[in-house]
Asks: 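What follows is a single structure, and I will ask about it in a moment.
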Amino acid sequence: MKKNNSGSELPVADNSKHYSFFQDVWDVVRQIPEGRVTTYGAIASYLGTKSSARMVGWAMNSSFMVSPKVPAQRVVNRAGLLSGKAHFATATLMEELLQKEGIQVEADKVVDFGKVFWDPAIELKT
DNA sequence: AGTATGACTCATT
DNA sequence: AAATGAGCCATAC
């Protein structure tokens with residue numbers, strides 16, 4: 001039931017399921033349009049809620065070393081807080097990247113979060 | 001091998 | 001409504 005419309009078709013590894021999970025997360029994040037953000041829970045939910053949203057965070061932690069860049073700055077927690085900013089190169093990098101894309105950030109929180117929220121389950125469903 | 005922790009979220013208090 | 005507890009599952013120690 002996993003369909004990768006973006007191109008990188010991972011044949012749903014029968015055994016190493018967690019591996020494909022990371023790949024799927026990165027794929028979804030890469031498809032987030034500029035100026036939009038999504039949440040860990042939304043991604044986890046889109047992928048089947050099988051794993052907790054925490055695993056999406058772990059996937060992000062590894063996202064820095066994957067080949068195509070993953071716009072991890074566009075992934076925030078459910079409240080719109082930049083919970084992962086501490087994990088970027090600098091404490092302000094995440095906020096800077098978001099603002100550069102047109103997303104207003106105030107007090108480590110995405111302004112108009114409800115407007116810029118991008119739900120893969122809705123926008124990416126197929 | 002068992003415990004602790006975390007880029008989370010939801011239910012309950 | 002804010003705070004707390006519990007579920008979540010892979011890594012780290």
Side-chain angles (χ1 to χ4, degrees):
Chain A
M1 38 281 279
K2 297 258 158 328
K3 77 271 278 168
N4 288 330
N5 42 3
S6 61
S8 59
E9 42 282 327
L10 255 297
V12 186
D14 316 328
N15 307 335
S16 14
K17 51 177 185 282
H18 62 286
Y19 245 114
S20 65
F21 175 74
F22 275 55
Q23 294 274 352
D24 287 341
V25 172
W26 298 329
D27 259 357
V28 173
V29 174
R30 277 193 279 258
Q31 290 169 68
I32 302 174
E34 228 178 76
R36 308 291 293 278
V37 296
T38 192
T39 70
Y40 307 94
I43 296 173
S45 178
Y46 172 70
L47 294 179
T49 306
K50 44 184 183 173
S51 322
S52 161
R54 290 183 185 270
M55 293 301 92
V56 177
W58 280 117
M60 290 294 92
N61 192 22
S62 304
S63 72
F64 288 101
M65 63 168 136
V66 294
S67 25
K69 79 153 198 188
V70 175
Q73 73 274 12
R74 297 180 190 151
V75 184
V76 298
N77 74 355
R78 192 193 167 291
L81 290 169
L82 291 88
S83 45
K85 71 168 207 162
H87 292 259
F88 280 73
T90 66
T92 56
L93 179 58
M94 184 176 187
E95 180 175 334
E96 290 174 9
L97 287 172
L98 286 174
Q99 290 182 345
K100 194 160 54 180
E101 294 179 356
I103 298 176
Q104 297 176 312
V105 178
E106 193 173 301
D108 296 337
K109 181 172 60 64
V110 174
V111 181
D112 291 331
F113 176 64
K115 294 181 182 178
V116 297
F117 175 62
W118 182 85
D119 189 348
I122 297 176
E123 311 283 345
L124 200 56
K125 70 166 188 238
T126 353

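Sequence lines set the chain letters: A, B, ... in the order given, protein chains first and strands last, and positions in each chain run from 1.
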Asks: In whole Å, what is the span from the CE atom of A/Met60 to the P atom of B/dG6?
Replies: 19 Å

Asks: For residues 69-84 of chain A, pull every pair meeting side chain to side chain donor-acceptor pair (under 3.5 Å), keeping only residues two or more places apart or in separate chains.
Replies: A/Gln73-A/Glu101, A/Arg74-A/Glu101

Asks: Which salt bridge (Lys or Arg N to Asp or Glu O under 4.0 Å) pairs, counting each pair once, include a residue from residues 109-118 of chain A, with sequence neighbours left out?
Replies: none

Asks: Sort and list the pairs that fulfil ring pair (Phe, Tyr, Trp, His ring centres under 6.0 Å) and have at least one residue in residues 95-117 of chain A, not counting sequence neighbours.
Replies: A/Phe113-A/Phe117

Asks: From CZ of A/Phe21 over to P of C/dC8, roughly how many Å is that when rounded to an integer?
Replies: 15 Å

Asks: Mark yes or no for whether A/Ser63, through its side chain, and A/Met60, through its backbone, hold a donor-acceptor pair below 3.5 Å.
Replies: yes

Asks: Tell me, which of residues 80-103 of chain A have any heavy atom that sits under 4.0 Å from an atom in DNA chain B?
Replies: A/Ser83, A/Gly84, A/His87, A/Phe88

Asks: How long is the line joining CH2 of A/Trp58 and P of C/dC9, in whole Å?
Replies: 15 Å

Asks: Remember a base hit wins even if backbone is also touched, and classify A/Ala72 as base, sugar-phosphate or nothing at under 4.0 Å, heavy atoms.
Replies: base

Asks: Name all pairs fulfilling the ring pair (Phe, Tyr, Trp, His ring centres under 6.0 Å) condition that reach into residues 51-98 of chain A, sequence neighbours left out, sorted by first residue then second.
Replies: A/Phe64-A/Phe88

Asks: Write down the protein N/O and nucleotide N/O pairs, taken from nucleotides 9-12 of chain B, whose separation is under 3.5 Å; answer none if there are no such pairs.
Replies:
unit_1: B/dT9; atom_1: OP1; unit_2: A/Gly41; atom_2: N; d: 3.1
unit_1: B/dT9; atom_1: OP1; unit_2: A/Arg78; atom_2: N; d: 3.3
unit_1: B/dT9; atom_1: OP2; unit_2: A/Arg78; atom_2: N; d: 2.6
unit_1: B/dC10; atom_1: OP2; unit_2: A/Arg78; atom_2: NE; d: 2.9

Asks: Which pairs with one or both residues in residues 39-48 of chain A pass salt bridge (Lys or Arg N to Asp or Glu O under 4.0 Å), sequence neighbours excluded?
Replies: none

Asks: Taking only residues two or more places apart in sequence or in another chain, which ones pass side chain to side chain donor-acceptor pair (under 3.5 Å) with A/Glu96?
Replies: A/Thr92

Asks: Between C/dA2 and B/dA7, how far is it from one C1' atom to the other, in whole Å?
Replies: 23 Å

Asks: Holding to salt bridge (Lys or Arg N to Asp or Glu O under 4.0 Å), I want the full list of residues that pass it with A/Asp108, two or more places apart in sequence or in another chain.
Replies: A/Lys85

